[in-house]
Enquirer: 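Quick one: the structure is below, questions incoming.
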Amino acid sequence: MSSRQLRHIALLSGGKDSTALALFMRDEYPDLDLEYVFCDTHKELPETYDYLAKIEAYLGRPIVRLSSGLGDRGFDHHLTLYRGFLPSAQVRWCTRALKIEPFEDYVGDEPARLYVGIRADEHREGYISTKPNIKAVFPFKEHGITKQDVFRILDDSGVGLPDYYEWRTRSGCYFCFFQRKSEWVGLYEEHPDLFELAQTYEKPDEGYTWQNGESLQQMIHPERIKEIKARDAKRKADAAARRRPKTLMEAFTGENDDFEEVDGCLICHL
Ligand code: SF4
């Protein structure tokens, strides 16, 4: 590759939108020499690795895995540097250390176009590199691709949704602090070993917990689990009641956009 050749890169998070974009780009622009990249924090869910294998099979191309979570780039190393101070929505050091910096190092100084899966029906901003040689582009916005289209793309390809969507709505690290409490309970029930590992990071006596004011140990008290599940069921029912059918077909079939959006970090959760 010439040092000045423009590179085209799709950054996958293991979530639905970045996956649909990778599939969309392959099908719409078959001649584009697209690099598929995943920043592996080594704290991902097993379902994410399975999903990446499925995506690779469909693309017929390897996904470059940046081992951003190993050695002196890894979460545990950075946690030591931060003296055990767990990342949070306010102090999100993990995103920069485990996702943004490894990606920017991978691209280097060559001019690159980064394809970002923000949809036409969204008004949020994605990762936009501060490096002048990396230019973010938004094909879903240009092509008017909405959430329903994303589901269609995933469905038509046979790739579908990652299995973790059955109990959690976001990709990223198993201990991600952006999780809802119901998702923590999901982790406890689906992956008790990972839940236990997440617990080892907490020091409730020193105020270091993943969730403000509540340790994971407190969260898995049977009464508390019941309460969290009941609240989540009510939240979902309220959200469903607020939504109105969008098309005549949906009105008749009852199918609708019953997928909630995730908030959080787009480079991790898109
Ligand atoms: S998924 Fe969550 S914990 Fe992991 S790097 Fe992203 S923001 Fe941090």
Side-chain angles (χ1 to χ4, degrees), residues 10-19 37-52 63 65-106 114 116-118 124-130 161-165 167-188 190-191 193-203 208-212 214-216 219 260-270:
L11 190 55
L12 290 147
S13 70
K16 71 179 187 335
D17 292 324
S18 63
T19 302
V37 179
F38 175 71
C39 293
D40 188 350
T41 64
H42 289 262
K43 305 290 179 188
E44 313 282 340
L45 292 164
E47 291 94 326
T48 300
Y49 296 115
D50 293 345
Y51 196 49
L52 291 174
I63 296 170
R65 276 119 161 130
L66 304 182
S67 278
S68 49
L70 288 180
D72 64 2
R73 302 212 81 148
F75 182 88
D76 297 338
H77 176 76
H78 282 91
L79 188 63
T80 309
L81 297 182
Y82 279 87
R83 297 169 192 274
F85 188 83
L86 292 173
S88 64
Q90 292 73 36
V91 187
R92 207 185 303 172
W93 54 257
C94 51
T95 310
R96 172 144 288 282
L98 275 64
K99 295 277 181 179
I100 295 177
E101 285 174 2
F103 175 70
E104 290 185 341
D105 287 353
Y106 169 74
L114 173 65
V116 182
I118 295 188
R124 47 184 184 164
E125 292 202 335
Y127 159 78
I128 298 174
S129 174
T130 49
L161 291 164
D163 287 346
Y164 62 72
Y165 269 76
W167 55 275
R168 161 172 158 156
T169 50
R170 67 203 73 219
S171 49
C173 306
Y174 64 82
F175 49 50
C176 185
F177 44 83
F178 280 117
Q179 285 177 90
R180 289 202 168 93
K181 297 203 175 187
S182 56
E183 293 174 319
W184 278 110
V185 170
L187 182 70
Y188 176 61
E190 297 291 327
H191 297 291
D193 52 332
L194 295 181
F195 188 90
E196 208 175 296
L197 277 177
Q199 277 186 292
T200 63
Y201 288 101
E202 291 196 319
K203 294 195 187 96
Y208 292 161
T209 53
W210 290 110
Q211 295 273 301
N212 264 343
E214 185 172 31
S215 71
L216 296 184
M219 215 185 283
E260 53 194 340
E261 285 299 356
V262 297
D263 44 9
C265 174
L266 285 174
I267 195 168
C268 301
H269 302 134
L270 199 63

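Predicted model only: the values in this text are computed from it and were never measured. In each ligand, atom 1 is the first atom listed, and ligand 1 is the first ligand listed. Quick note: numbers below take in every heavy atom, side chains included, and nothing from hydrogens, waters or symmetry partners. The residues of the chain are indexed from 1 along the displayed sequence.
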Enquirer: Knowing that exactly one of Phe175, Tyr188, Tyr174 qualifies, which makes a ring-ring contact (aromatic ring centres under 6.0 Å, His included) with Phe195?
Expert: Tyr188
Enquirer: Would you call Arg168-Glu47 a salt bridge at under 4.0 Å N-O?
Expert: no
Enquirer: Say whether Leu98 and ligand 1 are in contact under the criterion: heavy-atom distance to a ligand atom below 4.0 Å.
Expert: no
Enquirer: Ignoring hydrogens and angles, tell me if any N or O in the side chain of Glu214 forms a donor-acceptor pair with the backbone of Thr209 under 3.5 Å.
Expert: no
Enquirer: Number the atoms of ligand 1 from 1 as they appear, then name those within less than 4.0 Å of a heavy atom of Gly172, with their elements.
Expert: 1 (S)
Enquirer: Any luck finding a side-chain donor-acceptor pair between Ser18 and Ser13 under 3.5 Å?
Expert: yes
Enquirer: Evaluating non-hydrogen atoms only, which member of Ala97, Ser171, Cys94 is closest to atom 5 (S) of ligand 1?
Expert: Cys94
Enquirer: What closest approach, in Å, do Ser171 and Tyr164 show between heavy atoms, and which atom pair accounts for it?
Expert: CB-OH, 3.1 Å
Enquirer: Would you say Cys176 has an N, O or S atom lying under 2.8 Å from atom 4 (Fe) of ligand 1?
Expert: no
Enquirer: Which of the numbered atoms in ligand 1 are below 4.0 angstrom from a heavy atom of Cys173?
Expert: 1 (S), 3 (S), 4 (Fe), 5 (S)
Enquirer: For Thr95, take its heavy atoms, then give the atoms of ligand 1 lying under 4.0 Å from any of them.
Expert: 7 (S)
Enquirer: To the closest 0.5 Å, what do you measure between CG (Leu187) and CD (Glu183)?
Expert: 10.0 Å
Enquirer: List ligand 1 atoms under 4.0 Å from Phe177, heavy atoms only on the residue side.
Expert: 3 (S), 7 (S), 8 (Fe)
